[in-house]
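Notes follow once the structure below has been shown.
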Amino acid sequence: MVNSVQTTATTLEGQLWEVAVRAQVAELAIAPEDRPNNVTTTIDTENQTVAVTFTAPATFSVNASGALVASPTPYLP
């Protein structure tokens, strides 16, 4: 499992960007034949935006109130 990261951004948006980049770096450290591709970031300089897409494996359960609970599971070594 990958260690948690310390972010330096002072906004939630900046922290999201930092975490996405760190997750991509962690994915790239995995051998190409086993490498997941669960994080995608796209920079649009013309519109000055950053898009982040993250897909996580998860387990699902139903709590005592009958609500569906999704719990992401680790996928990085």
Side-chain angles (χ1 to χ4, degrees):
M1 172 189 242
V2 175
N3 294 327
S4 62
V5 297
Q6 182 81 27
T7 61
T8 58
T10 57
T11 64
L12 185 58
E13 298 84 358
Q15 292 170 346
L16 174 63
W17 173 247
E18 285 185 47
V19 170
V21 169
R22 300 268 180 93
Q24 281 187 309
V25 169
E27 286 184 350
L28 290 171
I30 297 171
E33 62 273 7
D34 298 322
R35 183 178 298 150
N37 188 20
N38 291 8
V39 181
T40 304
T41 58
T42 306
I43 300 172
D44 182 344
T45 57
E46 185 174 318
N47 292 308
Q48 297 184 350
T49 61
V50 172
V52 175
T53 303
F54 176 66
T55 304
T59 58
F60 297 91
S61 60
V62 178
N63 68 14
S65 302
L68 182 65
V69 178
S71 300
T73 56
Y75 74 99
L76 295 169

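In what follows, residues are counted from 1 in the order of the sequence shown.
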Would you list the atom pairs, donor with acceptor, under 3.5 Å between side chains in residues 69-77 and any protein atom, with sequence neighbours excluded?
{"residue": "T73", "atom": "OG1", "partner": "P57", "partner atom": "O", "Å": "3.2"}
{"residue": "Y75", "atom": "OH", "partner": "E27", "partner atom": "OE2", "Å": "2.6"}

Contacts table for residues 14-21: side-chain donor-acceptor under 3.5 angstrom, sequence neighbours left out:
{"residue": "Q15", "atom": "NE2", "partner": "A9", "partner atom": "O", "Å": "3.3"}
{"residue": "E18", "atom": "OE1", "partner": "T8", "partner atom": "N", "Å": "2.9"}
{"residue": "E18", "atom": "OE2", "partner": "T8", "partner atom": "N", "Å": "3.2"}
{"residue": "E18", "atom": "OE2", "partner": "T8", "partner atom": "OG1", "Å": "3.3"}
{"residue": "E18", "atom": "OE2", "partner": "A9", "partner atom": "N", "Å": "2.6"}

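When every heavy atom of L28 is checked against every heavy atom of R35, the shortest pair comes out as O-NH2, 3.1 Å. Nearest heavy atom pair, residue Q24 against residue T41, reads OE1-OG1, 3.1 Å.
N38 places a side-chain N or O within donor-acceptor distance of the main-chain N or O of T55, the cut-off being under 3.5 Å.
Within a 6.0 Å sphere centred on CD of E33, other residues, nucleotides and ligands contribute more than 12 heavy atoms.
Linking Ile, Leu, Val, Met, Phe, Trp and Tyr whenever their side-chain heavy atoms come within less than 4.5 Å leaves V25 and F54 in two separate clusters.
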